[in-house]
Amino acid sequence: MSILRVENLKAHYVTRKHRKVTRVLAVDGVSFQINKNEIYGIAGESGCGKSTLLKAVSGLIKPPLEVVEGQVQYQFDDRDLDLLTLRGEQERREIRGVRISHIPQGSMSVLNPVRRIRKSFEDIIGAHLGIKDKREFEDMVRKHIEALGLDWNVMHSFPHQLSGGMRQRITIALATILRPDVIFADEPTTALDVVVQRGVVQLIKTIKKEQQNTLVIVTHDLAIHANLCDRLAIMYAGKIVEEADAEALFADPKHPYTEMLLDSLPIVGDRTTRESAPGAPPSLVHPPSGCRFHPRCPQAMERCKLEAPNLIEVEIGHRVACFLQEGIVDENVQEFDAR
Amino acid sequence: MFKKFFIPRMIQYFTVLFIGITLVFVIPRLLPSDPVSTQLHRMTSQGQYLDPAAVEEMRETLQELYGLKGGMLQQYFSYWKRLFTGDLGPSFTQFPTPVIALIRMSLPWTLGLLLASLSLSWMIGTVLGGIKVSFPNSPFSKATELLAMGIRPIPYYIMALVLLILFAFLFPVFPMAGGYSVGSKVGFNARFIKDLLRHSFLPILSMVVLEIGGWFLQMRNVASNLVEEDYVVYAEASGLPKSKIVFSYIMRNAIVPQITGFGLNLGFVFGGALITEMVFSYPGMGTLLYSAIIAGDYNLIMGINIFSIVGVSTAMLIIDLLYPLLDPRVRYQ
Ligand SMILES: Nc1ncnc2c1ncn2[C@@H]1O[C@H](COP(=O)(O)OP(=O)(O)OP(=O)(O)O)[C@@H](O)[C@H]1O
Ligand code: SF4
Ligand SMILES: [Mg+2]
């Protein structure tokens, strides 16, 4: 059962200066589905459009970001929702924080520096449920906070008085207090040290288990993905180039870019230094023709410069956008197909 | 904790005061002209005949009076001693009126003028800036922005003169000059207050109109940067109502530099508004300083400078002490 279906989504940053229009093709034709209760990971190098994709599918679209094409459909238990046709601030407001929760990148600074933590909880609960009774509010927050293993005393602190890890936990607690159906977390563990990262991952798992919600998590840290995700999508230059069950993807990467990413991972016990993916990320204003990866691809063919490969299912649940795979599928299809 | 916050700031405050006031003492003494000779010269050049012995005697008396007797160090100590008794010495040009009396006469005028224009322009500019950021595309915001940008580059004296010509000469709604009507009795009564307001209206207006733009732009710039802050984006992402985001997230953070600016400007109030006071012949500190400079009245210049130094550094101290209340990231420690 899918809870979110995204079809051919194109989200561009459009800036106009002296009649010259610059268009950053940050998300350029992305389709995927997210299943209820799963943890879906999105990986890819810096600037490939991960944050933009999250913003677009969670409805945080404001200039210069524009959705030029595509559909974002939610199927909640009680209702279907076409996110991009929502009109007006009010309709969007009712969804945010309640049905969809978005923890933006840089969550070290998502808490208002001049407001105590308690106030931030008051703000979000007040906005959606209203606070009729102080006691009721406190009970609700206390229960949530303590279930996550946090001390009630942090409620009286200002954000700067807390450690980075604690701030991140509070942010997650805040984002989940209203039990949203879908949580989008953009780099929730970046900028934390490894031990704290582990704690935060554990916290996310705890919440997920208790609240039974769907989680979409973006990070360029593949180790976190391996540890946490059910399924994983790899993005390159505004497109998804490979998507599969996390296990399958790590065991049998099919796209040359994914292979490159996995090769750049350090392996425990291996003392040779690992190369990071060679070559520079492409411009998203003038992306390369054909397959966007072709200038860096060791297996690039003539065809790759001219045509863009589609994201096709090469094995059940394993989609890849690469002509090398298309050939394999064609052969398979020919074997099966007796025409 | 409190001690750790408070004491360094007090030490800093008194150090600044000490250095500033010492400079006020030193600088005139580095100048080649000597006030006593100037004064004597003025007397003799007026055609008075004085015999050399009398001149010498007079020189000594003047030196005594001006605090110029003895070595540098001795002068310096007696300078501080006099300061602590509130004695800034006599004015050279309006001898023997004490400088402190002259300042006491001018200061209320300046304070009234500048406090009123500063508070008015600050409040209006801040509110307009806040509206601009909350409703960036409304016609009202666009119009205020255009006005603010258009008025700001106008040189101050032109604005003042235009207002004066328009509303005092062509349409004589307001008086041309002065702080109150000649011959009216100074006192705390409705009639005098009305007269006072009428006289201060144009000077205040001229400053307010120009200063609103600055406060407006500062508020707009700070707040429009805040709109991009993660915590504002997050507040939007969690569906807080717009009014809450505007007040508790954007304005609340943008007001901090705004208040700092207000405090700093408060300190400059003691120096007077030279050009305003000259254009409108207003009897404040600016006018006083101007005449003191023209006449080379050192004691008076020094006295006014001391007031400015104390004013600015006290204002800074107060901001510093209040800052943790505005921004909890700065703590009392
Ligand atoms: N406000 C903006 N205006 C114009 N271009 C932008 C804007 N924000 C991002 N971009 C561009 O869009 C592209 C995608 O950015 P995005 O933030 O989605 O990348 P990302 O994959 O999240 O990277 P990172 O891992 O560094 O967070 C980048 O090339 C970036 O420069
Ligand atoms: S399509 Fe061509 S260039 Fe692109 S990844 Fe496959 S082989 Fe490389
Ligand atoms: Mg990002």
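Chain letters run A, B, ... following the sequence lines, proteins first, then strands; residues in each count from 1. Small disclaimer: the values here were computed from a predicted structure and weren't measured.
- Defined by atom type and a distance below 3.5 Å, a donor-acceptor pair is missing between the side-chain atoms of A:Ser109 and B:Glu229.
- Aromatic ring orientation, B:Trp122 versus B:Trp215: perpendicular (interplanar angle above 60°, classes split at 30° and 60°).
- Heavy-atom distances place the side chain of A:Lys62, and not its backbone, under 4.5 Å from chain B.
- Inspection of the B:Tyr13 and B:Ser313 side chains reveals no N or O donor paired with an N or O acceptor under 3.5 Å.
- Considering only heavy-atom pairs separated by less than 4.5 Å from chain B, the leading option among A:Arg115, A:His102, A:Lys119 is A:Arg115.
- Put simply, of B:Leu326, B:Val232, B:Asn253, the one with the most heavy-atom pairs under 4.5 Å next to chain A is B:Asn253.
- In this pair, A:Phe158 and A:His160 present their aromatic rings parallel. The plane angle is below 30°, not in the 30 to 60° band.
- Both tests do not hold together for A:Arg99 against A:Tyr74: distance to the six-membered ring centre under 6.0 Å, angle to the ring axis within 45°.
- Using a 4.5 Å cut-off between heavy atoms, A:Leu174 touches chain B through backbone and side chain atoms alike.
- Interface remark: A:Ile124 contributes backbone and side-chain atoms alike to the contact with chain B (heavy atom separation under 4.5 Å).
- Of the two parts of A:His128, only the side chain, counted from C-beta on, holds a non-hydrogen atom closer than 4.5 Å to a non-hydrogen atom of chain B.
- For A:Gln90, no part lies under 4.5 angstrom from a heavy atom of chain B.
- Defined by atom type and a distance below 3.5 Å, a donor-acceptor pair is missing between the side-chain atoms of A:Tyr13 and A:Thr22.
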